[in-house]
Structures are given as structure tokens and as C-alpha cells.
Amino acid sequence: MRIGIVCYPTYGGSGVIATELGKALALKGHQVHFITYRVPARLDSFIENVYYHEVNYADYPLFERAPYESALASKIVDVALYENLDLLHVHYAIPHASAAFMAREILKSKKHYLPYITTLHGTDITLVGKDATYAPVVEFSINQSDGVTAVSNSLREDTYKNFNIQKDISVIHNFVDTSRFKKARKEHFKKAIAPNDEKVLIHTSNFRRVKRTEDVIRVFKLIHDKLPSKLLLVGDGPERQPMEQLCRELHICDSVRFLGKQEAIEELLAVSDLFLMPSESESFGLAALEAMACEVPVISSNTGGIPEVNIHGKTGFMSAVGDIKDMSENAIQLLSNMSLYKEFKNNAYAQAQRFDINIILPEYESFYSKVVERHFVITK
Ligand code: GMT
């Protein structure tokens, strides 16, 4: 199949899933065309069958903000016609689904039929998408999609709750490449981070408010008061600066490392003992899954799709959003009981294997075939 993929090329989970999916599809012989404004972060090496088409949006004196959505739709039309695409798969509804709709209608006028699939990832539904600023466009372009998927049962339910959706939404869970995300011995690295064998806690995110990074710091402070420990903070975003300030106020700067955006997250996970995810809302929690694949148990909130990934009392513990006392007590319990910790670590690994890319990829492929066949019948 010749597949166009539209996504955010940044470090966010939706971009990661879109890029890893495209790479895996290409390895299976599909021709994959990424259409984005920058090379996706995880598209870091040459792969046969993968093509990249940059969306240039012209800076014109009249524009205070260049109309990206129009530029994207135009680029989709161009790529679809000249690469003869069979299918377009857009990740994150805003503004990708409406650009896809516009492109499909333009292509129809040129007698080229291009079905589009929208994959809902989270904040496009639970946060920004349901805001009146975008809601009518999001609802319309989801309903117009030729196929819709959500990354968890919870997100599927939220979508039906927040919008008037007439379409079937299929759940295809997020996945992890377990050949890349796995436990590796990095003794030198571990020594540098925790020279006195301190416990290593880790949080990775884009430091937006929805991630509740303040809870990460406060949970860590409570753990640190009881156990020698270090905290690794990976990623960057609007909350980073206030969090640095908070660490100063709590006098824990010596034990907290802000590492910024990192490529090789698996190497950091390999030296970590516990992953912290206290999010306000989380449609799935891909970062937690990646940690679990590296045998790192998870201390998280119990919001959204997290319970579909982190099993309370088995692969980690969940607490109500904002309950930092409970989160820290759970972490201390786990880190102080080595036989319990070992059990959780093994369970986390086993649970992550259920979401291996080789299990989830065929679900996408069969969904693609269904959509293309149905579209073919309708347009014949
Ligand atoms: O989590 C983020 O802030 C990034 C965001 C995105 O769309 O790039 O992630 C969402 O999609 C991921 C991949 O499907 C999910 O694993 C995350 O749970 C989801 N984030 C939220 O719902 C907050």
C-alpha cells in the first residue's frame, strides 16, 4: 500500500507512534510518505520505502500567522496525486483531520479518491479539542473520516462523551518496540547518576500542566526524605522553569537532574528504578509503557487510559490525581522491599510485551485494508 502519514514531528507521544508506525510499515514493504513541517524526531535514519515531504508555509506580509492547515491540505493533494497514495493516516485531530477532509474533497474533484483515517491521541479530544475554539471542526472532521481509531478504550469513551460522533471508533492501543526498549546494563552510567547506589526515579514528558510536574517534584521530595534517591527529568516545556525554582525552594537541586530533550530515552530508563506519571489526564501513557518494557515499574495517577497499561498492585501503583502522599508511600514501599520490587519489575516487563509493535502493527494493517476496500466499493 502507498500510505501518507501526517503527524506532529515533535517529541510528543502522537508523533512518536505515527513515526514508529510508518517505519514499521515500511519495513513490511509498504511505501510510506510522511507529510509534516519538519522531519519527525524519531525518523532518525534512512529507511528504504520511507519518503518525507515538507510542508512549507509561506511567510507573507499580510499574515500574522501563516495558514498551516491550508498549506498542509495543499501538500497532501500534491503528494496524493504524484505518489498515487491509496490511503492517508492522520495522527492527532487538530488540524490534521480537517486538512485531510479538505484534501480528500479537492482530490475528489480531480477524480482521485483518497480515504483518510484519523487516530485520536488524547489532548485533541480531552483538552484542546473539546474547547469551543476547535470543537465544531474536530467533531465534523472525525465524523467525515473514513476510519477512526483511538489509542485506548478510555479515549474512545471520552470522544463519544465530548462530541456527537456517528462513526465507529476502533481501539488500537499504543505500542512499544521491545527490541529497542529493553533492560540493558549501563553500570558506568548508573554510577555517574547514583554514585552511592541511590534509587533512581525518572519522569519523561513535555512539561505541560496536564503532566502535573509539580506533583513529580513533591512526590520525589517525600521519597527523598526517607530514601537516598535521585530524580531524572527528561523533556522540556513550559513547566520546566517553575520546576527548577521549586527544586531550589525544596533544597533538592543536588538530587534532581533536568536533562532536557533526549533521543536515547531507553538508556535513561535502563538505569532507573521507578517511573513517575502523576498526570491530570492521559489517554494512554506511552512513556509509562516504554518504561515498563525496560522493566521499570510505574507510580501513576489513575486517570484516563493509564489503568489499561499500569496494573495497580502488579506493574506499579495508581493513586487519585494529586494524591502525592499515597504516590510517595507506594514508591517507598516498592523501593524498600526487594522481593516485591522484583515481582513488579517482572510483571511490568510481561505487561509491556502485550503491547509489542509486532502485535499491534497487524491491527493497523487490517484496519487499513478494511477502510480501503470499503472506500473502493463506495466510490466505484
Ligand atoms: O502526552 C503528551 O503530552 C503528548 C501527546 C501527543 O499527542 O503527542 O500524547 C498523547 O498521545 C500519546 C500517544 O498516543 C498518549 O500515549 C498520551 O497519553 C497522550 N497524552 C495525553 O493524553 C495527555
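Counting starts at 1 for both ligands and their atoms, in listed order. What you see is a predicted model, and the numbers here were worked out from it, not measured in a lab.
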- Task: Please identify each residue that fulfils ring pair (Phe, Tyr, Trp, His ring centres under 6.0 Å) with Phe181, with sequence neighbours left out.
- Result: none
Using a plain distance cutoff, I'd like to know if [X] has any nitrogen or oxygen under 3.5 Å from a nitrogen or oxygen of ligand 1.
| X | answer |
| --- | --- |
| Gly285 | yes |
| His121 | yes |
| Leu286 | yes |
| Asn206 | yes |
| Ile17 | no |

Nearest to [atom], what protein heavy atom do you find, and at what distance?
| atom | value |
| --- | --- |
| atom 22 (O) of ligand 1 | Ser283 N, 2.9 Å |
| atom 5 (C) of ligand 1 | Gly13 N, 3.9 Å |
| atom 23 (C) of ligand 1 | Ser281 O, 3.4 Å |
| atom 17 (C) of ligand 1 | Glu282 OE2, 3.2 Å |
| atom 3 (O) of ligand 1 | Arg208 NH2, 2.1 Å |

- Query: Side chains of Tyr349 and Thr178: is there a donor and an acceptor less than 3.5 Å apart?
  - Reply: no
- Could you tell me whether ligand 1 has any atom less than 4.0 Å away from a heavy atom of Lys211? yes
Measure centre to centre between the rings of [X] and [Y], then say whether the value is under 6.0 Å.
| X | Y | result |
| --- | --- | --- |
| Tyr57 | Phe63 | no |
| Phe317 | His312 | yes |
| His89 | Tyr364 | yes |

Which side-chain N or O atoms in residues 40-51 pair as donor and acceptor under 3.5 Å with protein atoms at least two apart or in another chain?
residue: Arg42; atom: NH1; partner: Glu20; partner atom: OE2; Å: 3.1
residue: Arg42; atom: NH2; partner: Glu290; partner atom: OE2; Å: 3.3
residue: Asn49; atom: ND2; partner: Ala26; partner atom: O; Å: 3.1

- Task: Would you mind running through ligand 1 and noting each atom that sits below 4.0 Å from a heavy atom of Thr123?
- Result: 23 (C)
- Backbone, side chain, both or neither: what part of Tyr8 comes under 4.0 angstrom of ligand 1, heavy atoms only? neither
- Query: In Å and rounded to the nearest 0.5 Å, what is the CD1 to CG distance from Ile125 to Asp158?
  - Reply: 8.5 Å
